[in-house]
Amino acid sequence: MPTKTFLNLSAEKQHTMYDAMYAEFSTYTLAESKISNIVTTAHISRGSFYTYFDDIDDAYQWVLTDVITDIHQTIDKKDIVSSTEAFILKAKTSPHFDFLSHYYIVNEAFLQQKTVKTAQHDFKLLDTNSTTDDISQWLVIQSVHQLIRAFFLNPDKQARIITTLHMLKNWRTVG
């Protein structure tokens with residue numbers, strides 16, 4: 001995550017850095033991404049980059065957190081399944097499509113190999129006090145995340161994924 005030095009930069013400089021990193025990570029996988037490309041695009045020195053971030057993985061985590069936060073802002077927590085369907089239907093035209101494709105196809109596994117603590121959304125387990133509604137909600141959240149992953153791994157299966165979401169919604173309505 002960014003250092004205090006980075007957070008003390010003007011909003012314009014932070015945005016320039018973000019844009020350079022976002023472009024790099026949308027064009028290349030994390031393993032292929034280069035700090036040299038980022039610093040050239042952002043018009044900063046390599047030393048400045050390391051003043052702002054520990055390494056390229058750290059920078060990637062910051063951008064990923066922002067992308068995930070942006071996506072979650074569009075989710076209606078009262079109707080997660082329909083919100084997920086809308087997201088998947090618009091995903092191919094989303095500005096985040098290339099970034100997320102790289103994430104699900106390569107970067108997620110790459111990050112998991114490097115360190116266990118990089119998971120963006122910790123896998124939350126149920127506890128013995130969980131109600132039927134808690135369990136149902138947990139199952140829906142796990143399912144929609146897996147269906148989003150399935151879409152980015154196999155975009156040609158969009159129709160089947162949407163059908164699965166409809167089945168999930170019907171199950172939830174009946175259950």
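One-based numbering along the sequence shown.
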Checklist line | Polar side-chain atom of S94 near backbone of K90 as donor-acceptor pair, under 3.5 Å | finding: no
Checklist line | Residues I44, Y52; criterion side-chain contact (heavy atoms from CB on, under 4.5 Å); working and verdict | finding: CA-CA 11 Å; I44 63 166; Y52 306 145; 4.2 Å; yes
Checklist line | Heavy-atom side-chain proximity of F25 to D98 below 4.5 angstrom | finding: no
Margin query: Just verifying a value: how many Å separate L147 CG and L168 CG, rounded to the nearest 0.5 Å?
Written below: 7.0 Å
Check: Would you say H96 and Y22 make side-chain contact, with heavy atoms under 4.5 Å?
Finding: yes
Notebook entry, point to check: CD of Q146 to CD1 of I141: how many Å apart, nearest 0.5 Å?
Noted result: 13.0 Å
Margin query: Give me the atom names and distance for the closest heavy-atom approach of V140 to W171.
Written below: CG2-CZ3, 4.0 Å
Check: Between CD1 of I88 and OG of S83, what distance do you get to the nearest 0.5 Å?
Finding: 11.0 Å
Notebook entry, point to check: Looking only at heavy atoms, what is the nearest atom pair of T3 and T51, with distance?
Noted result: OG1-O, 2.8 Å
Checklist line | With T131, the side chain to side chain donor-acceptor pair (under 3.5 Å) member among D133, N129, D134 | finding: D134
Notebook entry, point to check: Is there a donor-acceptor pair under 3.5 Å between the side chain of T74 and the backbone N or O of D70?
Noted result: no
Item checked: Sidechain-backbone polar pair: S136 side chain, T132 backbone, donor-acceptor under 3.5 Å -> no
Check: If every non-hydrogen atom of K92 is compared with every non-hydrogen atom of P155, which pair is closest and at what distance?
Finding: NZ-O, 3.7 Å
Notebook entry, point to check: Shared ILVMFWY cluster between Y28 and M17, side chains joined below 4.5 angstrom?
Noted result: no
Note to self: Do F110 and T29 make a side-chain contact, defined as non-hydrogen atoms from C-beta onward lying under 4.5 Å apart?
What the structure shows: no
Item checked: Ionic contact status for E108 with R149, cut-off 4.0 Å -> yes
Next item on the list: May I ask you to test the T41-E24 pair for a side-chain heavy-atom distance under 4.5 Å?
Entry: no
Next item on the list: Quick one: pull up CG in L89 and CZ in F151 and give me the separation to the nearest 0.5 Å.
Entry: 8.5 Å
Check: Do the side-chain N and O atoms of E32 and H102 include a donor-acceptor pair separated by under 3.5 angstrom?
Finding: no
Item checked: Sub-6.0 Å ring centroid separation between Y18 and F6 -> no
Check: Does a side-chain heavy-atom distance below 4.5 Å link I35 with F53?
Finding: no
Margin query: Rounded at 0.5 Å granularity, tell me how far CD1 in I38 sits from CD1 in I56.
Written below: 4.0 Å
Checklist line | Any H166 side-chain heavy atom under 4.5 Å of I162 side chain | finding: yes
Next item on the list: Could you check S45 against S48 for side chain to side chain donor-acceptor pair (under 3.5 Å), going step by step and ending with a plain yes or no?
Entry: CA-CA 5 Å; S45 69; S48 292; 3.0 Å; yes
Next item on the list: Provide the closest heavy-atom pair for V63 versus M21 in the form atom of the first, atom of the second, distance.
Entry: CG2-CB, 3.8 Å
Check: Can you tell me how far the CG atom of D66 sits from the CZ atom of F99, to the nearest 0.5 Å?
Finding: 9.0 Å
Next item on the list: State yes or no: are the ring centers of F152 and Y103 separated by less than 6.0 Å?
Entry: no
Item checked: Heavy-atom side-chain contact between W138 and S130 under 4.5 Å -> no
Check: How close do K77 and Q137 get, heavy atom to heavy atom, and via which atoms?
Finding: O-NE2, 4.4 Å
Notebook entry, point to check: Hey, are the side chains of D79 and D76 touching, using non-hydrogen atoms and a 4.5 Å cut-off?
Noted result: yes
